[in-house]
Engineer: 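My structure is below; once you've seen it, I'll send some questions.
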Amino acid sequence: QVRVVESGGGLVAAGGSPRLSCEASTSGESITAMGWYRQTPGNRRESLGTIFADGRTFYQDPIKGRFTIARDNDQNAAYLQMNNLKPEDTGVYYCNTQTKIYSFWGQGTQVTVSS
């Protein structure tokens, strides 16, 4: 079982650059990848990007050039550095942690961008 907790959300002014954190607590399972997702009002949850255990990253087009994903393997943590936030970035941001067999979701953290 893996417990996933996101943090770092809140109210941010447009143009701000907050960093979200994701911490995964495992029972010895190896984490193969950690991904960030978000759900904006009225829309389905969408993938933002993924970072793999070897450090490779993959970004979806909407965030390329603005958001960066990093990872601390020793801490089983992943980070989402968001830059130049826009009001349309408002939503709930989720972390998904993958082991070899299963994936686990956190409860999400709300990010609200004020114009």
Engineer: Can you see which heavy atom on Thr109 is nearest to which on Glu6, and at what distance?
Structural biologist: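 For Thr109 and Glu6, the tightest heavy-atom pair comes out as CG2-CB, 4.0 Å.
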Engineer: Side-chain contact, heavy-atom cut-off 4.5 Å: Pro18 with Leu85?
Structural biologist: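 Yes, close enough: below the 4.5 Å cut-off.
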Engineer: Closest approach of Val5 and Gln107, non-hydrogen atoms and distance?
Structural biologist: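 So the two residues come closest at CA-OE1, 3.9 Å.
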Engineer: Would you call Lys64 and Asp61 a salt bridge, taking side-chain N to carboxylate O under 4.0 Å as the test?
Structural biologist: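 Between Asp61 and Lys64 there is a salt bridge, with a charged N closer than 4.0 Å to a carboxylate O.
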Engineer: To the closest 0.5 Å, what do you measure between OG1 (Thr26) and CD (Glu29)?
Structural biologist: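 Reported to 0.5 Å precision, the distance equals 5.5 Å.
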Engineer: Evaluate the side-chain proximity of Asn43 to Glu46: yes if any heavy-atom separation is below 4.5 Å, no if none is.
Structural biologist: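 No, every pair of side-chain atoms sits at 4.5 Å or beyond.
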Engineer: Gln110 versus Thr90: any side-chain heavy-atom pair under 4.5 Å?
Structural biologist: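 Yes, side chains in contact.
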Engineer: Using the six-membered ring of Tyr37, assess whether NZ or CZ of Arg45 lies under 6.0 Å from its centre and within 45 degrees of the ring axis.
Structural biologist: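 No.
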Engineer: With rounding to the nearest 0.5 angstrom, report the SG to CG distance, Cys95 to Leu48.
Structural biologist: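 Nearest 0.5 Å value for the SG-CG distance: 11.0 Å.
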Engineer: Can you name the nearest heavy-atom pair linking Ala33 to Phe52, along with the distance?
Structural biologist: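 Shortest heavy-atom separation between Ala33 and Phe52 comes out as CB-CD2, 3.8 Å.
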Engineer: Which atom names give the shortest non-hydrogen contact between Gly106 and Tyr94, and what distance separates them?
Structural biologist: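 For Gly106 versus Tyr94, the nearest heavy atoms are O-CD2, 3.7 Å.
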Engineer: To the nearest 0.5 Å, how far apart are SG in Cys22 and OH in Tyr93?
Structural biologist: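 These two atoms lie 15.0 Å from each other.
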Engineer: If you round to the nearest 0.5 Å, how far is CG of Leu20 from CZ of Phe67?
Structural biologist: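 Those atoms lie 8.5 Å apart.
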Engineer: Taking all atoms of both residues into account, what is the closest heavy-atom pair of Glu88 and Thr40, and its distance?
Structural biologist: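 Scanning both residues, the minimum pair turns out to be O-CG2, 3.8 Å.
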Engineer: First locate atom CD1 of Ile51, then atom CG of Asp72, and finally report the distance between them rounded to the nearest 0.5 Å.
Structural biologist: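 Those atoms lie 10.0 Å apart.
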Engineer: Is there a side-chain contact between Ile69 and Trp36 (heavy atoms, below 4.5 Å)?
Structural biologist: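 Heavy-atom side-chain distance check passes, below 4.5 Å.
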Engineer: Taking atom types as modelled, find out whether Ser21 and Glu23 have a side-chain donor-acceptor pair closer than 3.5 angstrom.
Structural biologist: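 There is no such pair (donor and acceptor under 3.5 Å, judged by atom type) between the side chains of Ser21 and Glu23.
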Engineer: Considering non-hydrogen atoms only, spot the tightest contact between Val2 and Ala24 and give its length.
Structural biologist: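 Looking at all heavy atoms of both residues, the closest pair is CG1-CB, 4.0 Å.
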Engineer: Is there side-chain contact between Asp89 and Val111, with at least one heavy-atom pair below 4.5 Å?
Structural biologist: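 Of all side-chain heavy-atom pairs linking Val111 with Asp89, none is under 4.5 Å.
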Engineer: Any side-chain heavy atom of Thr32 within less than 4.5 Å of one from Lys100?
Structural biologist: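 Yes, their side chains come closer than 4.5 Å.
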Engineer: Kindly say whether Ser103 contributes a backbone atom to a donor-acceptor pair with the side chain of Asn96 at under 3.5 angstrom?
Structural biologist: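 Judged by distance alone, no pair lies under 3.5 Å.
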Engineer: Would Tyr102 end up clustered with Val4 when hydrophobic side chains under 4.5 Å apart are linked, directly or stepwise?
Structural biologist: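 They do share one cluster, since a chain of ILVMFWY contacts under 4.5 Å joins Tyr102 to Val4.
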Engineer: Using side-chain heavy atoms (C-beta onward) and a distance below 4.5 Å, is Arg71 in contact with Ile31?
Structural biologist: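 The answer is yes; the side chains approach within 4.5 Å.
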Engineer: Which residue is it: Gln1, Gln98, Arg3? I am looking for the one with a side-chain contact (heavy atoms from CB on, under 4.5 Å) to Phe104.
Structural biologist: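 Among Gln1, Gln98, Arg3, the one that satisfies the side-chain contact (heavy atoms from CB on, under 4.5 Å) with Phe104 is Gln1.
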Engineer: Roughly how far apart are Arg66 CZ and Asn84 CG, rounded to 0.5 Å?
Structural biologist: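 It is 6.0 Å, given to the nearest 0.5 Å.
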